[in-house]
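Next up is a structure, given as structure tokens.
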Amino acid sequence: MKIQERTGAGQGRSAAPAQASVGDRLPTPPRERKPALAALAVLLILVGALGATMLVLQAGDRIEVVKVTQEIPAGGKVTDGNVTSVMVAEDAAINYVKWNQLSALKSLKAKSTIYKDTVVMGQMFSEEVGATQGKTLVGVSLKAGQFPADIKVGDTVAAYRVTEGGSGSGGNSSASATGGNSLIVDNAVVSTVPAASGDELVGSTNSSYTLAVDNDDAGALAQAAANNEVVLVLVPSSN
């Protein structure tokens, strides 16, 4: 009887395992809320979305304008061969020349040299080109044979003084001139030419040209022109 009681007591203890009391659990720290960080995150998201929207809008608000592909000298004109179109962001503060204004632009002259890859602005051109700083405009009246037949506005020419067989002959003065020939100016820019058909000069007797030359060369060129002693030679373009 005693053996059975002990066994039963042992079985009762194993069937009901001891449980830890509530007071033995570790306390859990309360979760800290940070509303300022949450608000900052939301603000950053909104700013990023706004910036992306502005970029998309600006990318879509573009216009087609004129860009120079070959250098245009002072007094030169725009042609189909020296410009192309390019897309730029529209800006009311910049006086771009739009591509659909190209026909009107061709009738104007460059005020100064416009270099390759320049986006054209309206203020770069005008109907008449005056003397720029350091340059003087000199008019010359030439007979046939005293100038190449294909001179255009913007071309660079050299002017020679011809004192023997080069005045009043009406022939090819540059070929017949001897003796007193001398270079007056080597880099005069043609500012105006006689009546032209398109871009090509219609050669004629007593053709009047205007040349832009350095101030130091203006006097000698004007004197030679008054004596009908000027012969022009076309200088090949660097392009």
Side-chain angles (χ1 to χ4, degrees), residues 13-135 152-156 187 189-191 198-199 212 214 236-239:
R13 286 194 298 270
S14 61
Q19 296 182 358
S21 62
V22 177
D24 294 336
R25 294 181 180 177
L26 295 176
T28 301
R31 181 175 297 177
E32 184 180 357
R33 296 182 180 180
K34 298 180 179 180
L37 291 178
L40 179 60
V42 173
L43 180 61
L44 291 175
I45 293 173
L46 292 176
V47 171
L50 180 60
T53 302
M54 291 299 296
L55 289 176
V56 172
L57 291 176
Q58 289 180 358
D61 193 14
R62 300 172 73 83
I63 56 175
E64 189 176 17
V65 301
V66 179
K67 186 184 80 168
V68 174
T69 57
Q70 293 183 7
E71 181 178 309
I72 301 176
K77 290 188 175 182
V78 165
T79 66
D80 291 334
N82 59 17
V83 295
T84 188
S85 63
V86 64
M87 301 298 295
V88 299
E90 187 173 11
D91 189 339
I94 301 178
N95 187 20
Y96 290 121
V97 176
K98 297 182 180 179
W99 185 249
N100 58 16
Q101 298 173 319
L102 181 61
S103 296
L105 183 64
K106 289 180 179 179
S107 65
L108 304 179
K109 301 174 185 178
K111 292 181 179 179
S112 59
T113 301
I114 303 175
Y115 297 99
K116 180 181 178 182
D117 295 330
T118 300
V119 176
V120 175
M121 311 291 177
Q123 59 268 28
M124 295 178 179
F125 290 83
S126 67
E127 294 182 357
E128 296 294 335
V129 178
T132 58
Q133 184 176 4
K135 297 289 184 179
K152 299 182 293 295
V153 171
D155 283 343
T156 300
N187 60 347
V189 177
V190 179
S191 179
D199 287 331
D214 293 338
S237 171
S238 59
N239 292 329

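Numbers for residues simply follow the sequence, beginning at 1.
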- Message: Evaluate Lys77 against Lys109 for side chain to side chain contact (heavy atoms under 4.5 Å, CB included), listing each step before the verdict.
- Response: CA-CA 5 Å; Lys77 290 188 175 182; Lys109 301 174 185 178; 4.2 Å; yes

- Query: Is Lys106 close to Asp80 at the side-chain level, that is, under 4.5 Å between some pair of heavy atoms?
  - Reply: yes

Item to complete: With side chain to side chain contact (heavy atoms under 4.5 Å, CB included) as the test, would you mind laying out the steps for Asp214 and Asn187 before giving the verdict?
Response: CA-CA 9 Å; Asp214 293 338; Asn187 60 347; 4.3 Å; yes

**OP:** Using the test side chain to side chain donor-acceptor pair (under 3.5 Å), find all partners of Asp91 that sit at least two apart in sequence or belong to another chain.
**Re:**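 Counting only residues at least two positions away or on another chain, Asp91 forms no side chain to side chain donor-acceptor pair (under 3.5 Å).
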
In this structure, CD1 of Ile45 is separated from CG of Leu50 (nearest 0.5 Å) by 14.0 Å

Hits for side chain to side chain contact (heavy atoms under 4.5 Å, CB included) against Asn100, two or more places apart or cross-chain, chain-then-number order -> Lys98

task: For Ile72 and Thr79, run side chain to side chain contact (heavy atoms under 4.5 Å, CB included): C-alpha distance rounded to whole Å, both residues' side-chain angles, the deciding distance at 0.1 Å, then the answer.
output: CA-CA 10 Å; Ile72 301 176; Thr79 66; over 6 Å; no

Given Met121, which partner from the list Val65, Val66, Val97, Ile94 fulfils the side-chain contact (heavy atoms from CB on, under 4.5 Å) test?
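Passing option: Ile94.
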
Result for side-chain contact (heavy atoms from CB on, under 4.5 Å) between Glu71 and one of Thr113, Thr118, Asp117 points to Thr113

With sequence neighbours left out, the residues meeting side chain to side chain donor-acceptor pair (under 3.5 Å) with Glu64 are Ser85

Heavy atoms of Thr69 and Lys116 approach each other most closely as O-CG, 3.2 Å

- Message: Please check: side-chain N/O of Thr156 versus main-chain N/O of Val189, any donor-acceptor pairing under 3.5 Å?
- Response: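 Not a single qualifying donor-acceptor pair exists.
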
